[in-house]
Number of protein chains: 2
Amino acid sequence: MSTKLLTKEHDQIARYAKALGHPVRVYIIELLSTQSCCFSGDIAEDLPIARSTLSQHLKELKSAGLIQGTIEYPKIRYCINKENWERAQKLFGKLLDSAAFTKSQCTANPVVQLADKI
Amino acid sequence: MSTKLLTKEHDQIARYAKALGHPVRVYIIELLSTQSCCFSGDIAEDLPIARSTLSQHLKELKSAGLIQGTIEYPKIRYCINKENWERAQKLFGKLLDSAAFTKSQCTANPVVQLADKI
DNA sequence: AATATGTTTCGTATTTTTGCGAAATAAGAA
DNA sequence: TTCTTATTTCGCAAAAATACGAAACATATT
């Protein structure tokens with residue numbers, strides 16, 4: 001049964017989550033959000049990866065909508081895409097909070113527990 | 001330069017985010033957190049995927065630590081792993097909030113803007 | 001002992017991600 | 001115009017994710 005169980009919202013959350021699903025990309029987001037507001041790609045100096053690899057990670061974050069770039073030749077300044085970031089914030093917040101309200105009763109009533117399987 | 005820029009924390013956030021990086025897994029988490037506290041794998045009835053595929057998604061969420069299962073033959077009851085979920089909550093919260101405090105000045109000072117490239 | 005049940009594991013195929021170095025780009029400086 | 005610079009795109013290879021159906025599992029029931 002069911003009527004549209006997998007919604008656009010699930011897709012959107014998954015999209016954002018996937019974009020954050022790599023340590024380098026988490027680092028980039030963190031850097032952009034705290035260190036300085038915007039910056040050019042000299043993140044590369046701090047990371048043990050090739051420039052082209054970094055570029056791909058930036059591309060992923062860009063296409064997910066989490067960051068945006070401004071060209072200032074010969075550099076490119078990146079920053080958080082505030083609009084979409086707030087959207088991500090709301091979506092994650094909703095998911096995270098809803099789960100917080102539930103108290104899990106799973107561990108309270110364990111009939112059988114196979115450590116290696118579960 | 002740098003001293004440990006990619007930390008365990010980045011890895012951990014990325015790990016959780018990656019686990020949430022698929023619509024089906026977002027749906028599962030949402031279901032586990034709202035619908036009912038725990039349940040068995042009759043999620044399958046609601047999803048347009050094979051049982052074995054669902055099992056794999058459950059496995060991923062499990063190995064990321066976000067959910068846990070209790071066997072009650074012949075069923076298995078799943079629920080959120082509260083401890084780890086709260087950890088994820090904190091980590092995501094920190095990242096999301098820090099970015100919120102920053103106002104992006106990127107769009108405020110666009111020297112050149114190549115839409116197709118950026 | 002044989003059967004039924006809900007779920008997982010196995011084997012496999014396809015697609016996506018990750019990563020690199022080399023080459024291309026686009027504009028400013030010489 | 002030719003060089004320099006920061007970055008991206010290209011071409012490739014290796015690894016991981018996604019998905020399926022068939023077979024295996026562990027127990028409860030007959």
Side-chain angles (χ1 to χ4, degrees), chain A residues 6 10-11 14-28 32 38-64 66-79 106 110-118, chain B residues 6 10-11 14-28 32 38-64 66-79 106 110-118:
Chain A
L6 248 33
H10 294 122
D11 281 346
R15 189 87 210 287
Y16 288 143
K18 196 171 189 174
L20 291 174
H22 191 289
V24 165
R25 296 197 290 268
V26 172
Y27 170 77
I28 293 171
L32 285 179
C38 297
F39 75 171
S40 83
D42 39 25
I43 329 166
E45 283 179 14
D46 296 334
L47 294 174
I49 58 173
R51 301 288 170 124
S52 55
T53 304
L54 172 62
S55 191
Q56 268 185 213
H57 284 305
L58 289 168
K59 192 177 174 186
E60 286 238 12
L61 288 170
K62 231 185 309 176
S63 74
L66 292 179
I67 67 173
Q68 63 193 140
T70 310
I71 299 179
E72 299 177 21
Y73 276 108
K75 297 189 178 183
I76 296 183
R77 167 179 301 198
Y78 283 101
C79 63
C106 234
V111 177
V112 183
Q113 188 85 275
L114 300 189
D116 49 334
K117 297 206 73 179
I118 296 295
Chain B
L6 248 34
H10 294 123
D11 280 347
R15 188 85 211 287
Y16 288 143
K18 195 169 192 175
L20 291 173
H22 191 290
V24 165
R25 296 197 291 266
V26 172
Y27 170 77
I28 293 171
L32 286 178
C38 297
F39 74 171
S40 85
D42 40 24
I43 329 166
E45 283 179 13
D46 297 333
L47 294 174
I49 59 172
R51 302 287 170 124
S52 56
T53 305
L54 172 62
S55 191
Q56 269 186 211
H57 284 304
L58 289 168
K59 191 178 173 183
E60 286 238 9
L61 287 170
K62 230 185 312 175
S63 73
L66 292 179
I67 68 174
Q68 62 193 139
T70 309
I71 298 179
E72 300 178 19
Y73 276 108
K75 296 188 179 183
I76 294 181
R77 168 180 298 197
Y78 283 100
C79 64
C106 234
V111 177
V112 182
Q113 186 86 271
L114 299 189
D116 49 333
K117 298 208 70 183
I118 299 295

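Letters go in sequence order (proteins before strands), and every chain restarts at 1.
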| message | Please verify the inter-ring angle class for His57(B) with His22(B); under 30° counts as parallel, over 60° as perpendicular, anything in between as tilted. | response | tilted
| said: How close do Ala14(A) and Pro23(B) get, counting heavy atoms only, and between which atoms? | reply: CB-N, 3.4 Å
| Roughly how far, to the nearest 0.5 Å, is NZ of Lys59(B) from CD of Gln56(B)? | 7.0 Å
| remark: Per atom distances to the Glu60(A) side chain, the nearest of dT18(C), dT8(C), dT7(D) is dT18(C)
| Between OH of Tyr16(A) and CG of Leu61(A), what distance do you get to the nearest 0.5 Å? | 12.0 Å
| field | Interatomic distance, Arg77(B) CZ vs dT5(C) C1' [rounded to whole Å] | value | 17 Å
| said: So, does Lys75(B) get its side chain near the phosphate of dT27(D), meaning an N or O under 4.0 Å from OP1 or OP2? | reply: no
| said: Nearest whole Å is fine: how far is dC25(D) P from Lys59(B) NZ? | reply: 15 Å
Short heteroatom pairs, N/O only, protein and nucleotides 19-21 of chain D, under 3.5 Å:
unit_1: dA19(D); atom_1: OP2; unit_2: His22(B); atom_2: NE2; d: 3.1
unit_1: dA19(D); atom_1: OP2; unit_2: His57(B); atom_2: NE2; d: 2.9
unit_1: dC20(D); atom_1: OP2; unit_2: Ala50(B); atom_2: N; d: 2.9
unit_1: dC20(D); atom_1: OP2; unit_2: Thr53(B); atom_2: OG1; d: 2.8
unit_1: dC20(D); atom_1: N4; unit_2: Gln56(B); atom_2: OE1; d: 3.4
unit_1: dG21(D); atom_1: N7; unit_2: Ser52(B); atom_2: OG; d: 3.2
unit_1: dG21(D); atom_1: O6; unit_2: Ser52(B); atom_2: OG; d: 3.2

| query | Rounded to the nearest 0.5 Å, how far does OH of Tyr27(B) lie from CG of Asp11(A)? | reply | 13.5 Å
| request: Measure from CG on Leu20(B) to C1' on dA17(D) and round the result to the nearest Å. | output: 16 Å
| said: Out of the candidates Ile49(A), Leu58(A), Ile43(A), only one should pair with Val24(A) under the side chain to side chain contact (heavy atoms under 4.5 Å, CB included) rule; please name it. | reply: Ile49(A)
Every protein N/O within reach of nucleotides 28-30 of chain D N/O, cut-off under 3.5 Å:
none

| request: Any chance you could lay out the side chain to side chain contact (heavy atoms under 4.5 Å, CB included) test for Thr70(B) and Ile76(B), step after step, and finish with the verdict? | output: CA-CA 6 Å; Thr70(B) 309; Ile76(B) 294 181; over 6 Å; no
| Spacing between Leu58(A) atom CG and dA6(D) atom C1', to the nearest angstrom | 12 Å
| said: Check whether Arg25(B) reaches the backbone of Leu20(B) with its side chain - one donor and one acceptor, N or O, closer than 3.5 Å. | reply: no
| query | Hey, are the side chains of Val26(B) and Leu6(A) touching, using non-hydrogen atoms and a 4.5 Å cut-off? | reply | no
| task | Starting at atom CD of Glu72(B), determine the distance to atom C1' of dC25(D), rounded to an integer number of angstrom. | result | 18 Å
| request: For Leu54(A) and for Lys18(A), locate the closest nucleotide of DNA chain C by heavy-atom distance; then report the residue assigned to the nucleotide nearer the 5' terminus. | output: Lys18(A)
| request: Using whole Å, report how far CG of Leu47(B) lies from P of dT18(D). | output: 15 Å
